[in-house]
Asks: 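Have a look at the structure that comes next, please.
Chain naming here is simple, since letters A, B, ... match the order of the sequence lines and numbering starts at 1 in each. Keep in mind that this is a model prediction, so the values were computed, not measured. Values reported hereafter were calculated over all heavy atoms of this structure, with side chains retained and with hydrogens, waters and symmetry mates removed.
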2 protein chains.
Amino acid sequence: MATSPASAASAASSGTRVLLHPTLAEIRLERVLHALSDPVRLRVVRALAETRDGLPCSLIDLPVSKSTTTHHFRVLRQSGVVRQQYRGTAKINELRRDELDWLFPGLLAGVLEAARQQEARPAPAVR
Amino acid sequence: MATSPASAASAASSGTRVLLHPTLAEIRLERVLHALSDPVRLRVVRALAETRDGLPCSLIDLPVSKSTTTHHFRVLRQSGVVRQQYRGTAKINELRRDELDWLFPGLLAGVLEAARQQEARPAPAVR
DNA sequence: CTCATCGTACGAGAAGCATCGTAGTTTGAC
DNA sequence: GTCAAACTACGATGCTTCTCGTACGATGAG
């Protein structure tokens with residue numbers, strides 16, 4: 001059996017502000033799926049999936065206000081999908097890809113691929 | 001490119017009661033993920049995934065009332081995850097597996113596998 | 001026809017969630 | 001110290017969702 005990737009209870013932080021992340025054992029599939037089921041959040045995840053070192057919130061432009069953006073990033077963090085850390089005044093977001101892959105092999109890849117497929121298809125007129 | 005599996009606008013029904021299903025083009029990833037993000041519905045999907053020919057609602061025992069069960073099956077049908085058809089007084093449910101695989105290759109398998117993985121893991125005490 | 005079974009429709013209540021604006025905190029630059 | 005930038009906290013609002021009970025409709029068995 002594989003060993004789990006670098007354990008998640010990371011308290012190591014450059015500054016004082018620490019953000020709570022669920023440990024691997026606390027990540028629940030239902031919560032992850034719910035986090036991914038919002039169009040705005042799915043968009044965030046897709047953007048993060050294309051980077052190697054994460055992005056600050058401010059670089060992902062979203063069709064919602066700043067406070068709503070904060071809300072969505074919190075949902076993603078609390079569900080275990082992203083890791084966030086402060087770096088100066090910015091907050092860097094990155095996918096917890098290795099950890100999710102360890103927990104749920106193929107899930108993230110499946111969702112990302114599905115999102116790509118859907119984008120390549122004509123969107124239905126109304127909904 | 002693959003051709004789509006047997007088109008979805010099936011009006012062929014033995015009785016009179018017809019149920020509306022989204023066509024392939026109408027199935028949205030976000031809706032599917034949302035449908036799968038409820039514990040009760042995920043349980044249903046897992047049960048259906050283990051059968052070949054579908055199951056009547058009444059054979060999947062769920063920790064909710066009958067009317068709530070109806071609600072969850074409707075969500076699953078409207079999101080495009082299951083197909084339902086009347087058969088006598090019963091209503092048979094089956095996964096739209098081929099169609100989902102065509103739309104979103106690997107997604108369903110990823111989710112089902114993730115559910116299995118999670119079940120094999122110790123559940124966290126509280127949540 | 002009568003009846004039991006299976007599922008639906010219709011409210012209705014409680015909870016959750018997405019969204020926003022405004023006011024605040026933290027940080028680095030000057 | 002002062003200032004701008006990045007993000008958060010809080011409260012409010014309106015929508016969706018999960019849950020239920022009760023009453024109803026459709027089907028097949030007797």
Side-chain angles (χ1 to χ4, degrees), chain A residues 13-21 28 30-45 47-48 53-79 81-94 126-127, chain B residues 13-21 28 30-45 47-48 54-79 81-94 127:
Chain A
S13 169
S14 49
T16 40
R17 290 187 285 175
V18 184
L19 292 164
L20 284 181
H21 293 78
R28 306 296 300 171
E30 295 86 348
R31 253 178 113 100
V32 169
L33 292 175
H34 176 251
L36 297 175
S37 74
D38 181 277
V40 174
R41 290 192 293 257
L42 188 54
R43 190 160 153 175
V44 168
V45 169
L48 291 181
D53 301 311
L55 290 174
C57 305
S58 51
L59 276 199
I60 308 177
D61 93 322
L62 298 174
V64 294
S65 74
K66 231 165 25 154
S67 37
T68 303
T69 299
T70 296
H71 162 69
H72 284 308
F73 274 104
R74 185 168 44 227
V75 172
L76 286 170
R77 187 188 75 234
Q78 291 178 341
S79 66
V81 175
V82 308
R83 178 185 311 286
Q84 299 187 291
Q85 48 190 323
Y86 286 103
R87 194 157 175 175
T89 98
K91 191 152 108 180
I92 305 297
N93 304 274
E94 57 181 333
V126 197
R127 73 184 290 253
Chain B
S13 169
S14 50
T16 41
R17 291 186 284 176
V18 183
L19 293 164
L20 284 182
H21 292 79
R28 306 296 300 171
E30 296 86 345
R31 254 177 111 102
V32 170
L33 292 176
H34 175 250
L36 297 176
S37 73
D38 181 279
V40 174
R41 290 191 294 257
L42 188 54
R43 191 160 152 176
V44 169
V45 169
L48 292 181
L55 290 173
C57 305
S58 52
L59 276 199
I60 309 177
D61 94 322
L62 297 174
V64 294
S65 74
K66 229 169 24 159
S67 36
T68 303
T69 299
T70 296
H71 161 69
H72 285 307
F73 275 104
R74 184 167 46 228
V75 171
L76 286 170
R77 186 187 77 234
Q78 290 178 341
S79 65
V81 175
V82 309
R83 178 186 314 285
Q84 301 187 289
Q85 48 190 323
Y86 287 101
R87 196 158 173 174
T89 99
K91 190 152 108 180
I92 305 298
N93 303 275
E94 57 181 333
R127 73 185 291 253

Asks: Any N/O pairs under 3.5 Å between the protein and nucleotides 3-6 of chain D? List them or say none.
Replies:
from: D/dA6; atom 1: O4'; to: A/T89; atom 2: OG1; distance (Å): 2.9

Asks: I need the NE2-P distance between B/H71 and C/dA14, as an integer number of Å.
Replies: 18 Å
Asks: Which heavy atom in B/L36 sits nearest to a heavy atom in B/L42, and how many Å separate them?
Replies: O-CB, 3.7 Å
Asks: Run the side-chain hydrogen bond (donor to acceptor under 3.5 Å, both in side chains) test against A/Q78 and tell me which residues pass, sequence neighbours left out.
Replies: none
Asks: Using whole Å, report how far CD of B/Q85 lies from P of D/dA26.
Replies: 19 Å
Asks: How does protein contact run along nucleotides 9-15 of chain D, one letter per nucleotide 5' to 3', with B for base contact, S for sugar-phosphate only, - for none, heavy atoms under 4.0 Å?
Replies: B------
Asks: Could you state the NE2-C1' distance from B/H34 to D/dT16, rounded to the nearest angstrom?
Replies: 8 Å
Asks: In whole angstroms, how far is the C1' atom of D/dT16 from the CD atom of B/E30?
Replies: 16 Å
Asks: Rounding to an integer number of Å, can you tell me how far A/R87 CZ sits from C/dT26 C1'?
Replies: 17 Å
Asks: Which value, rounded to the nearest 0.5 Å, describes the distance between B/L76 atom CG and B/R31 atom CZ?
Replies: 11.5 Å
Asks: Does a side-chain N or O of B/S65 approach OP1 or OP2 of D/dC20 to a distance below 4.0 Å, or not?
Replies: yes
Asks: Quick one: pull up CG in B/L20 and CZ in B/R77 and give me the separation to the nearest 0.5 Å.
Replies: 7.0 Å
Asks: Per the side-chain hydrogen bond (donor to acceptor under 3.5 Å, both in side chains) rule, what does the pair list look like for residues 32-42 of chain B, sequence neighbours excluded?
Replies: B/R41-B/H72
Asks: Evaluate the side-chain proximity of A/R74 to A/Q84: yes if any heavy-atom separation is below 4.5 Å, no if none is.
Replies: no
Asks: Which atom names give the shortest non-hydrogen contact between A/V82 and A/H21, and what distance separates them?
Replies: O-CD2, 3.6 Å
Asks: Please round to the nearest 0.5 Å and tell me the distance separating atom CG of A/D53 and atom CD of A/E94.
Replies: 7.5 Å
Asks: Nearest whole Å is fine: how far is D/dT27 P from B/Y86 OH?
Replies: 9 Å
Asks: Tell me which donor-acceptor pairs under 3.5 Å the side chains of residues 54-67 of chain A have, and how far apart each pair is, sequence neighbours excluded?
Replies:
from: A/S65; atom 1: OG; to: A/S67; atom 2: OG; distance (Å): 3.4
from: A/S65; atom 1: OG; to: A/T68; atom 2: N; distance (Å): 3.3
from: A/S65; atom 1: OG; to: A/T68; atom 2: OG1; distance (Å): 3.1

Asks: Has A/R41 got a side-chain N or O lying under 4.0 Å from the OP1 or OP2 atom of C/dA18?
Replies: yes
Asks: Please list, pair by pair, any protein nitrogen or oxygen found under 3.5 Å from a nitrogen or oxygen in nucleotides 2-4 of chain C.
Replies:
none

Asks: For A/H72, which contact category applies under a 4.0 Å heavy-atom criterion: base, sugar-phosphate, or nothing?
Replies: sugar-phosphate
Asks: In whole Å, what is the span from the CG atom of A/D38 to the P atom of C/dG16?
Replies: 18 Å
Asks: Once you round it to whole Å, what is the distance between C1' of D/dC18 and CG of B/L76?
Replies: 14 Å
Asks: Which heavy atom in A/V32 sits nearest to a heavy atom in A/S79, and how many Å separate them?
Replies: CG2-O, 3.6 Å
